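First comes the structure, then the notes that go with it.
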Amino acid sequence: MYMLYKLRSQGLAVQGIERGDGVGGTWYWNRYPGARCDVESMEYSYQFDDALQQEWEWNERYAPQAEILSYANHVADRFDLRPNFQFETSVESAVFDEATSRWLVTTSRGETYSAQWCVMATGCLSSTNLPNFEGLEDFAGDWFHTGLWPKAGVDFAGKRVAVVGTGSSAIQSIPVIAQQAASLTVFQRTANFSIPAHNGPLAPKFVEQIKSDYTHFRKINNETFSGFGGRWRKYDDSILAADEQKRETRFNEKWALGGFHFLNSFADVGASPDHNKFAADYAKNKIRGIVNDPATAELLCPDQVIGCKRLCVDSGYFETFNRDNVKLVNVKDNPIERVTPKGLVTGGEEYEFDIIVFATGFDAMTGSLLSIDIKGRNSQPLQEKWAAGPRTYLGLQTHGFPNLFTISGPGSPSVLTNMVVSIEQHVNWISRCINHMRLNQMNYIEAELGAEDEWVEHNNSLSELTLFPGCNSWYLGANVPGKPRVFMPYVGGFQNYVAKCEDVVHNGYKGFLMQARA
Ligand SMILES: Cc1cc2nc3c(=O)[nH]c(=O)nc-3n(C[C@H](O)[C@H](O)[C@H](O)COP(=O)(O)OP(=O)(O)OC[C@H]3O[C@@H](n4cnc5c(N)ncnc54)[C@H](O)[C@@H]3O)c2cc1C
């Protein structure tokens, strides 16, 4: 939406193409019960228009899905974006025509658009991942994926429900489903760390204070490693140097604050497994303190380091396992074998259900791009170019695919940040670049191979200094069978990334080939 708005304001003819029948992206598709933002609502919103951020009223510390969807609709109406969107239309292919340096974009409606510039704003978490369970088509009950939730909602009352998965969507939905269903069985492959959100209504005084100087609030957030939480103290001392009492006090403080901030208890929680163990043990002891049944509590205790899989933020997740109608089934050693007409089979035992909810996540970062037949110069398919993992320069372009930009693409900070902030930064960069080219009568831009190779190498070497490569996370594509194991987001920090992007511009778009072509 912001890309469309921005390019239109620069005088370009812009066509948005969207699969859904409305705006909102993630918040349009993910209508599952309990869906909510993990970044605070005063931060997870656009900053490009002051009147917009002044007039919009958030109600809770962490906005629920419906509220963010209303916000997206408000933005679409306020800036009159709908006439430039074609809804209920999927892009099926995008082919670069070398003779004209234009992209030919074909849709599910059979139309072909010819475009000078093609911006893929297809989302990092918008291609759902549904494991290939044998027998699913024979299941007699209803099944749903959290990322494709029906608009009409799902009535769980009196139903025997299964939730498959214990990632972020499961952790958000399980407490709500458990309150409605007759019974809920959770199938867990990997236990995940989750920090309480401590969600609640926003205090009017707090909102007033931020709105009185939103510019400053945005600035301190934009200058952080992840693009959010700038007002909270980040400690720069070492976890190893602290004694037990200091660690306890610090962890208590950050746990009480809630959400991702727990990882900022000390400067070096992610420095090594030995450093990390203190924070992980604290979080595991919290689980043991909440969950009454010791065996269930142990199953819910993760065995990976904390923070190398995306941290979850919950409202009553672990407490839900104290309910009489909730049961946890460990499928780590006995994977789900098949779906039957009545339910699911694991460990040779059949569990019967009326509804199965697959909270099995997404083919993250590359899934939505690679599901489009994108062909660049010399008809090279993007699938071929990225066969061993995505390769980009700054996550903005990939060599061989001129005039094609990706928003929050692999190789950019993206999912490690407050994504609205990252999206705005990309939109600003891309629109400035296009403006520069038009002013200079240029119509061709392509990331240079050398610049791309260096960027990929830089990101890989940075990620190897972290604990990220050690976990089977979706950051690495480990949740999708056969996906190359590559750490996809840029791990060097949002503020450093922005500095690099600016540096490229100030050095005449260094690393990009820009030309005027006939
Ligand atoms: C459940 C969930 C919770 C999240 N929580 C947070 C959070 O707390 N904080 C945070 O920063 N981020 C969060 N995210 C990430 C979230 O995706 C981003 O914050 C943001 O919404 C991304 O916006 P986007 O426009 O780039 O992509 P999306 O919102 O994913 O929109 C992409 C759009 O492209 C459309 N599309 C894709 N392929 C095609 C095609 N071939 N043809 C036509 N249309 C297509 C899709 O229909 C979709 O509407 C969350 C994601 C999920 C799934």
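A quick note: this is a predicted structure, and the numbers were derived from the prediction, not measured. First listed ligand is number 1; within each ligand, the first listed atom is number 1.
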(message) Could you check, using the six-membered ring where one of them is a Trp, whether Tyr113 and Trp103 have ring centers closer than 6.0 angstrom?
(response) no
(request) Kindly assign one of parallel, tilted or perpendicular to the pair Phe251 and Tyr282, based on the angle between their ring planes and the thresholds 30° and 60°. (result) tilted
(request) Would you check whether Cys37 reaches within less than 4.0 Å of ligand 1, judged by its heavy atoms? (result) yes
(message) A cation-pi test, strictly: NZ or CZ of Arg31 under 6.0 Å from the centre of the six-membered ring of Tyr28 and no more than 45 degrees from its axis. Yes or no?
(response) yes
(message) Among all protein heavy atoms in this structure, tell me which lies nearest to atom 11 (O) of ligand 1, with the distance rounded to 0.1 Å.
(response) Met419 N, 2.8 Å
(message) Which label fits Trp149 and Phe144: parallel for a plane angle under 30°, tilted from 30 to 60°, or perpendicular past 60°?
(response) tilted
(request) Please name all residues satisfying side-chain contact (heavy atoms from CB on, under 4.5 Å) with Pro83, sequence neighbours left out, ordered by chain then number. (result) Asp80
(message) Any atom of ligand 1 sitting under 4.0 Å from a heavy atom of Ala121?
(response) yes
(request) For Tyr32, take its heavy atoms, then give the atoms of ligand 1 lying under 4.0 Å from any of them. (result) 1 (C)
(request) For Thr122, take its heavy atoms, then give the atoms of ligand 1 lying under 4.0 Å from any of them. (result) 32 (C), 34 (O), 37 (C), 38 (N), 39 (C)
(request) Measure centre to centre between the rings of Tyr44 and Trp58, then say whether the value is under 6.0 Å. (result) no
(request) Could you find the nearest protein heavy atom to atom 27 (O) of ligand 1 and give me its residue, atom name and distance? (result) Gly123 CA, 3.2 Å
(request) Mind checking whether Phe362 contacts ligand 1 via backbone (N, CA, C, O), side chain (CB onward), both or neither, at a 4.0 Å heavy-atom cut-off? (result) side chain
(request) Can you run down the salt bridge (charged side-chain N to carboxylate O under 4.0 Å, His left out) pairs that involve residues 479-489, sequence neighbours left out, and say none if there aren't any? (result) Asp363-Lys483
(message) Students often mix this up, so state it plainly: with edges at 30° and 60°, are the rings of Trp56 and Tyr71 parallel, tilted or perpendicular?
(response) perpendicular
(request) Would you kindly specify which portion of Asn30 sits under 4.0 Å from ligand 1, judged on non-hydrogen atoms: side chain, backbone, both or neither? (result) side chain
(request) Show which atoms of ligand 1 fall inside a sub-4.0 Å distance from at least one heavy-atom site of Ile17. (result) 43 (C), 44 (N)
(request) Answer side chain, backbone, both or neither: which part of Thr89 comes under 4.0 Å from ligand 1, heavy atoms only. (result) backbone
(request) Please examine the side chains of Lys375 and Gln380, heavy atoms only from C-beta on, and report whether any two atoms are closer than 4.5 Å. (result) no
(message) Below the 3.5 angstrom mark, is there an N/O of Glu18, backbone or side chain, next to an N/O of ligand 1?
(response) yes
(request) Determine whether the aromatic ring centres of Phe79 and Phe48 lie less than 6.0 Å apart. (result) yes
(request) Measure the acute angle between the ring planes of Tyr475 and Phe468, then classify it against the limits of 30° and 60° as parallel, tilted or perpendicular. (result) perpendicular
(request) Starting from atom 29 (O) of ligand 1, locate the nearest protein heavy atom and write down its residue, its atom name and how far away it is, to 0.1 Å. (result) Thr26 N, 2.8 Å
(request) For this output row, return yes or no: ring centroids of Tyr393 and Phe512 closer than 6.0 angstrom. (result) yes
(request) Verify whether one side chain among Tyr32 and Gln172 offers a donor that lies under 3.5 Å from an acceptor in the other. (result) yes
(request) Can you pull out the closest protein heavy atom to atom 19 (O) of ligand 1? Residue, atom name and distance to 0.1 Å, please. (result) Tyr44 OH, 2.5 Å
(message) Between ligand 1 and Trp29, can you find any atom pair, the residue atom being a heavy atom, that is separated by under 4.0 Å?
(response) yes
(request) Looking only at protein heavy atoms, identify the closest one to atom 9 (N) of ligand 1 and say how far it is in Å. (result) Val39 CG2, 3.5 Å
(request) Report, in ascending order of atom number, the atoms of ligand 1 lying under 4.0 Å from any heavy atom of Thr417. (result) 11 (O)
(message) Looking at ligand 1, is there an atom of it that comes within less than 4.0 Å of some heavy atom belonging to Ile407?
(response) no
(request) Taking atom CZ of Arg189 as the centre, report whether more than 12 heavy atoms of other residues, nucleotides or ligands fall under 6.0 Å from it. (result) no
(request) Among all protein heavy atoms, pick out the one at the shortest distance from atom 31 (O) of ligand 1; state its residue, atom name and that distance to 0.1 Å. (result) Gly25 CA, 3.5 Å
(request) Give the atoms of ligand 1, by number and element, whose distance to some non-hydrogen atom of Ser126 is under 4.0 Å. (result) 30 (O)
(message) Suppose we measure from atom 22 (C) of ligand 1 to each protein heavy atom; which comes out shortest, and what is that distance?
(response) Ile423 CD1, 3.7 Å
(request) Please say whether Ser408 places an N or O atom under 3.5 Å from an N or O atom belonging to ligand 1. (result) no
(request) Select one of side chain, backbone, both or neither to describe which atoms of Ile372 lie under 4.0 Å from any atom of ligand 1, heavy atoms only. (result) side chain
(request) Output the list of atoms in ligand 1 that are nearer than 4.0 Å to some heavy atom of Trp27, sorted by atom number. (result) 3 (C), 4 (C), 5 (N), 21 (O)
(message) Would Asp38 count as being in polar contact with ligand 1, using the rule that some N or O on each side must be under 3.5 angstrom apart?
(response) yes
(request) Using the six-membered ring wherever Trp is involved, compare the ring planes of Tyr5 and Tyr2 and label them parallel, tilted or perpendicular (cut-offs 30° and 60°). (result) parallel
(request) Just need the protein heavy atom nearest to atom 39 (C) of ligand 1, so name the residue and atom and give the distance. (result) Arg19 NH2, 3.7 Å
